J.: 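Please see the structure below; I have some questions.
Note that the structure is predicted; figures quoted are calculated from it, not measured. What's counted below: heavy atoms across the whole structure, side chains too, no hydrogens, waters or symmetry copies.
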Amino acid sequence: MSSRGLVCSTLPFSRKDSICRHCWTRDNVGLRTAIRRRGRDVHPAQRAAASAVESASAAGLESTKKRREKGDPYALILPGCPEPMGATYEADTNVVNFALFSSNATSVSLCLYTEEDIINGKVSYEITLDEAVHRTGDVWHVAFQDLQASFLYGYRIGGPQSDGSFFRAGLEFSPDSIVVDPYAKSIFNGRREFGQLAGSQEELDQTARTWPQAAGLVPGPDDEFDWEGDKPLDIPIEDLIIYEAHVRGFTADESSGVESPGTYAGLVEKLDYLKYLGINAIELLPVYEFNELEYYQVGLEDGSMNRYNFWGYSTVGFFAPMARYSSAMKCETANAAEASRQVINEFKNFVKESHKRGIEVILDVVFNHTAEGNEHGPTISFRGIDNRVYYMLAPKGEYYNYSGCGNTFNCNHPVVRKFIVDCLRYWVEEMHVDGFRFDLASIMTRAHSLWHTAPNESDDQIMEEAMKKYFPSDMSGEWSETSDVESDEGPVGGIIPDGAGAPTGTPLSDPPLIASISSDPVLSRTKLIAEAWDCDGLNQVGAFPHYGGRWSEWNGHFRDATRQFIKGTDGNWTGAFAASLCGSPNIYVNEPGEHDWWGNNGGRRWKSGRGPGASINFVTAHDGFTLADLVSYNEKHNEQNGEDNRDGESHNLSWNCGEEGVTEDISVQFLRSRQMRNFMTALLVSNGVPMILMGDEYGHSKNGNNNTYCHDSPLNYIDWCLAKADTNGMLRFTRSMISLRKEFKMLRRQQYVSDADVEWHGVEPGNPDWSETSRFLALTVKGHDEHADIYIAFNTSHESEMVQLPQMHGRKWLPLVDTGKVAPFDILIADERLSEEAVQAAQAAQEMWTLQNIYPMLPWSCILLKSVEATDKDTICMPDSYTKDLNM
């Protein structure tokens, strides 16, 4: 089918109309129906509008017939409506409305594709919009009646381009490119499987094969989904057990045994595994449409070490689920449009099935940058639509790079702010997700750049000062209103210094975007989690603008303090670890330290006002060592990434327990096993919200690679054979620790602990050692008659300790956890591996110690005991003579 250039005709309204000429698809068709039904109480202007629509429809019948005869995919072209943004379908009238923001564009064409044409790089139909009819303010719009829903769409946008001058800095229109609608709900690029290259090597160059043309799905009448009454779970934040997972990595390994590996459908097949573990929230690495071929490089001949963008932190379409995570996209009998619709439904089904199992869905979202990169990157969407608006730019049009990825999304610009809120609302209202984790969220608090598009007399001084500062070569005399700020290519302009009320990039104490999200009626009930730092050194952990406690934060301080203490490092780590166990009040409540720049400035107002739920606790995450590698490697081993081991974090606070990497030494293996359990225990007994990295529950290793962003391989896949076998007992230990956390409410507090809630100990009760050489910490957590008291102790020394337990009147200590024991006796909970009788026998064997209020601890081990009522036959007190013999 050849491309046709079309100009809109049969328009029901003119530019002179005083009535709403552009809202045909919603207001006027609805009015026409109302007029027929009521015949009264209708404003004359509205009646005229409806009449005009009917007249236009009648006039269009002949043209409709002719269009159908010549193969056009629609019956009638209409002016359309400037809102809502994106492509929307109106079922009552069978009209599809398209609306696109572009303040600097001088021409816009809507391009329609068939699947065959987009694969072959051809536009099937191109409709040029008449600015006099199809533009309202800065929004371009058009509507079609009876548009075939089998089409995909994009935009060709023309406008001025940067030429090094003040007035055109930052303008990057590219009329040779067809750009993707930022509001597209599903995106197709001709590739149906993850990692598949476009076209053939003989026909296309490397760029065309890795960055094929992408287009959005035209909505239609078959977009309904049966939610079966699904409702938000609304699990209290302090009760969450978060599992950080990757959609593809979760089931891509053949050992998963699922019907559709690496997909949303495959994930559904394994949800019962998460329920079995006790997980009640899954946090997915990015599922917004991205290009996994962005970093593509050919590796080994069998393709096993090809480099991909596996993690997905480089968004192409924010409203669209990643298409190649869907089994529907692999269906050869479904055309592109049908498959794209099913991508949406497959994701919705995953959310619905998660909720049925009591599991909330949290999305890791990346609003700090996009896949378009810096000035050398591809034009996919935002750059070609309105580069000045969507990106944070310096006065000469250079990209600020607070993300470390080439560009920075201009989050607090009014248009971008609305886009982000619209996007989040869509995922909550339409996709039913329960919350979001915001990657490099501190960027969302930075002041936006603002550009002048139509200078006037009141701006003379601003423009003159800006030109003198940034473009002195452009000054051929004094700036005046008559300066050449208009051209044949349309309105241009320059940057307004401090247009946001502060220099571009300045951290704002009251950022408009965060305020908008926090107060939004739809988003206010969701989980909002900030990675409260960025790549330019801004760290807001403890004081991210939270607007009444709406936000939680990834707590990097918890990670660092826990790693340092558990491996036995000199320094003030005992106190820092104690604070971490309590939900990090030293970070979220206490006065900021002298090195906390943000906390002492714009963030001071956000100190306090939250409980332990503000802290998302983690020991490991996707970027860094896995738990198994944290105790097996002193150094990163990223050679397979192809960057000569220069990438990834070099300061991991890890300890290999005596040997680097894989070892045959049994003593090293046992020590590593203890350390993994120590870390998992610390995570799951701490106040705050624990997050477990996918695979850590059974001890997954990435062979010391701490930056596996580029590997679509077993490095990033769950090994279901290992998980099922659980030969090291780690999976059972993790599951049982989660069960204990759920049993003891005082480990899931809404408020920070007081002296009445916790008593601190050293090797002797009530005598904690807070020195920089301390390697021991214990505490009693009070149940206050609602629960049994529990005693928790960590020995991170290379020496064993005989610990003196606190004495209790009429009660005794019952061992539950001892990481110094071999599995399954490391955690004494009855299950399929350990009978109730075996549990009781193991606990009875420890009474030789506990009835004397002492307990032996191995080096690098931890214990957890709970108090139970003592019987008459139990000996409660240890003889004084025995205490002296033990030097206690």
J.: Would you please indicate yes or no on a ring centroid separation below 6.0 angstrom for H246 and Y325?
T.: yes
J.: Specify the closest pair of heavy atoms between P261 and K330, including all atoms of both residues, with the distance to one decimal.
T.: O-NZ, 3.6 Å
J.: Can you confirm if the NZ or CZ of R324 lies within 45° of the ring axis of F194 and under 6.0 Å from the centre of its six-membered ring?
T.: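 The answer is no; the distance or angle limit is not met.
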J.: Check whether D712 reaches the backbone of G195 with its side chain - one donor and one acceptor, N or O, closer than 3.5 Å.
T.: no
J.: Do M730 and M676 have side chains that get closer than 4.5 Å, going by heavy atoms?
T.: yes
J.: Does one side chain, of E346 or S327, offer a donor that lies under 3.5 Å from an acceptor on the other?
T.: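 Result is yes, a qualifying pair exists.
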J.: Is K356 salt-bridged to E353, going by a charged N under 4.0 Å from an acidic O?
T.: yes
J.: Does any part of the side chain of V287, heavy atoms only, come nearer than 4.5 Å to the side chain of V247, both counted from C-beta?
T.: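 Yes, their side chains come closer than 4.5 Å.
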J.: Can you check salt bridge (Lys or Arg N to Asp or Glu O under 4.0 Å) on E553 and R610, steps first, answer last?
T.: CA-CA 11 Å; E553 303 165 12; R610 292 181 286 180; 2.8 Å; yes
J.: Decide yes or no for T263 and F350: does some side-chain heavy atom of the first lie under 4.5 Å from some side-chain heavy atom of the second?
T.: no
J.: Does NZ or CZ of K185 fall inside the cone over Y426's six-membered ring, less than 6.0 Å from its centre and within 45° of the axis?
T.: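 Yes, K185 lies over the aromatic ring of Y426.
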J.: Would you name the heavy atoms of S255 and I718 that are closest together and state the gap between them?
T.: OG-O, 4.0 Å
J.: Tell me, with the steps shown, if E649 and K636 meet salt bridge (Lys or Arg N to Asp or Glu O under 4.0 Å).
T.: CA-CA 8 Å; E649 178 59 59; K636 64 182 180 181; over 6 Å; no
J.: Can you tell me how the ring of F438 sits relative to the ring of F436, calling it parallel under 30°, perpendicular over 60° and tilted otherwise?
T.: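 Tilted: the ring planes of F438 and F436 meet at 30° to 60°.
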J.: Is there a donor-acceptor contact under 3.5 Å linking the side chains of D439 and N368?
T.: yes
J.: Would you check if there is a donor-acceptor pair between the side chains of N706 and D629 at a distance under 3.5 Å?
T.: no
J.: Any chance CD of E224 has more than 12 other-residue heavy atoms, nucleotides or ligands included, within less than 6.0 Å?
T.: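 Counting neighbours around CD of E224, 12 or fewer heavy atoms of other residues, nucleotides or ligands fall under 6.0 Å, so no.
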J.: Of the non-hydrogen atoms in C423 and F318, which two are nearest, and what is the gap between them?
T.: SG-O, 3.3 Å
J.: For Q751, does the CD atom have more than 12 heavy-atom neighbours from other residues, nucleotides or ligands under 6.0 Å away?
T.: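 Incorrect, the count does not exceed 12.
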J.: For atom CD of E429, is the number of surrounding heavy atoms from other residues, nucleotides or ligands below 6.0 Å larger than 12?
T.: yes
J.: Just by distance, no angles: are the side chains of S867 and D789 close enough, under 3.5 Å, to form a donor-acceptor pair?
T.: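 No, because no side-chain N or O of S867 sits under 3.5 Å from a partner of the opposite role on D789.
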J.: Under 4.0 Å between a side-chain nitrogen and a carboxylate oxygen: does that hold for E531 and R437?
T.: yes
J.: Between Y295, Y313, F310, which is the residue that forms a side-chain contact (heavy atoms from CB on, under 4.5 Å) with Y709?
T.: Y295
J.: Would you call D726 and R833 a salt bridge, taking side-chain N to carboxylate O under 4.0 Å as the test?
T.: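 So D726 pairs with R833 through a salt bridge.
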J.: Establish, yes or no, whether the cationic atom of K527 lies under 6.0 Å from the six-membered ring centre of W551 and within 45° of the ring axis.
T.: no
J.: Could you go through the side chain to side chain donor-acceptor pair (under 3.5 Å) check for E244 and H622 one step at a time?
T.: CA-CA 8 Å; E244 189 189 31; H622 65 276; 2.7 Å; yes
J.: When you compare the side chains of T681 and R677, does any donor N or O come within less than 3.5 Å of an acceptor on the partner?
T.: no
J.: Applying side-chain contact (heavy atoms from CB on, under 4.5 Å) to R732 and L834, what does each step give before you reach the verdict?
T.: CA-CA 10 Å; R732 175 183 178 272; L834 201 62; 3.7 Å; yes
J.: Does NZ belonging to K724 count more than 12 external heavy atoms closer than 6.0 Å?
T.: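 12 or below, so no.
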J.: Aromatic ring centroids of W720 and Y698 under 6.0 Å?
T.: no
J.: Using the side-chain contact (heavy atoms from CB on, under 4.5 Å) rule, take K348 and M431 through it: C-alpha gap first, then chi angles, then the decisive distance, then the call.
T.: CA-CA 6 Å; K348 289 180 176 179; M431 309 298 256; 3.6 Å; yes
J.: Check whether any side-chain heavy atom of V351 sits under 4.5 Å from a side-chain heavy atom of W427, and report yes or no.
T.: no
J.: So do the side chains of I738 and I692 get within less than 4.5 Å of each other, counting heavy atoms only?
T.: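 When only atoms from C-beta onward are counted, I692 and I738 do touch, with a gap below 4.5 Å.
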J.: Answer with yes or no whether the side chains of Q675 and N678 bring together a donor and an acceptor at under 3.5 Å.
T.: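 Side-chain D/A pair, N678 to Q675: present.
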J.: How about Y288 and F319: are their ring centres within less than 6.0 Å of each other?
T.: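 Distance test on ring centres: not under 6.0 Å, no.
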J.: Under the side-chain contact (heavy atoms from CB on, under 4.5 Å) test against I790, which residue among L865, V817, L814, V781 passes?
T.: V781
J.: Which heavy atom of Q843 sits nearest a heavy atom of L816, and at what distance?
T.: NE2-CD2, 3.9 Å
J.: Check whether any side-chain heavy atom of R559 lies under 4.5 Å from a side-chain heavy atom of T620, and answer yes or no.
T.: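 They are not in side-chain contact.
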J.: Under 3.5 Å, is there a donor on one side chain and an acceptor on the other for N617 and S686?
T.: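 Result is no, nothing qualifies.
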J.: In terms of ring plane angle, is the pair W554 and F618 parallel, tilted or perpendicular, where the classes change at 30° and 60°?
T.: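 Tilted, since the angle between the ring planes falls between 30° and 60°.
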J.: Mind listing the closest non-hydrogen atom pair of S314 and F290 along with its distance?
T.: O-CB, 3.3 Å
J.: Any chance the side chains of E294 and Y308 put a donor and an acceptor closer than 3.5 Å?
T.: no
J.: Heavy atoms only: give me the nearest T562-V619 pair and the separation to one decimal.
T.: CG2-CG2, 4.2 Å
J.: Flag the pair V822 / D826 as yes when at least one side-chain heavy-atom distance between them is below 4.5 Å, and no otherwise.
T.: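 V822 vs D826: side chains apart.
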J.: Could R735 and Y276 be counted as a cation-pi pair, given that NZ or CZ must be under 6.0 Å from the ring centre and within 45° of the axis?
T.: yes
J.: Other residues, nucleotides and ligands only: do more than 12 of their heavy atoms fall within 6.0 Å of CD on Q840?
T.: yes
J.: One pair to check against side chain to side chain donor-acceptor pair (under 3.5 Å): N716 and T708. What are the steps and the verdict?
T.: CA-CA 7 Å; N716 283 317; T708 57; 2.7 Å; yes
J.: Would you say the side chain of I282 lies within less than 4.5 Å of the side chain of V361, judging by non-hydrogen atoms?
T.: yes
J.: Any donor-acceptor pair under 3.5 Å linking the side chain of S256 with the backbone of T251?
T.: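 Side chain of S256 to backbone of T251, a donor-acceptor pair under 3.5 Å: yes, one is there.
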J.: Passes side chain to side chain donor-acceptor pair (under 3.5 Å), D623 versus N707? Steps please.
T.: CA-CA 6 Å; D623 49 350; N707 192 32; over 6 Å; no
J.: Working note: H637 + N705, criterion side chain to side chain donor-acceptor pair (under 3.5 Å); need CA distance, chi angles, decisive distance, verdict.
T.: CA-CA 5 Å; H637 295 271; N705 192 326; over 6 Å; no
J.: Can you confirm whether the side chains of N291 and N309 place a donor and an acceptor under 3.5 Å from each other?
T.: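 Distance-only check fails for N291 and N309.
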J.: What do you reckon, is CD of Q750 surrounded by more than 12 foreign heavy atoms closer than 6.0 Å?
T.: no
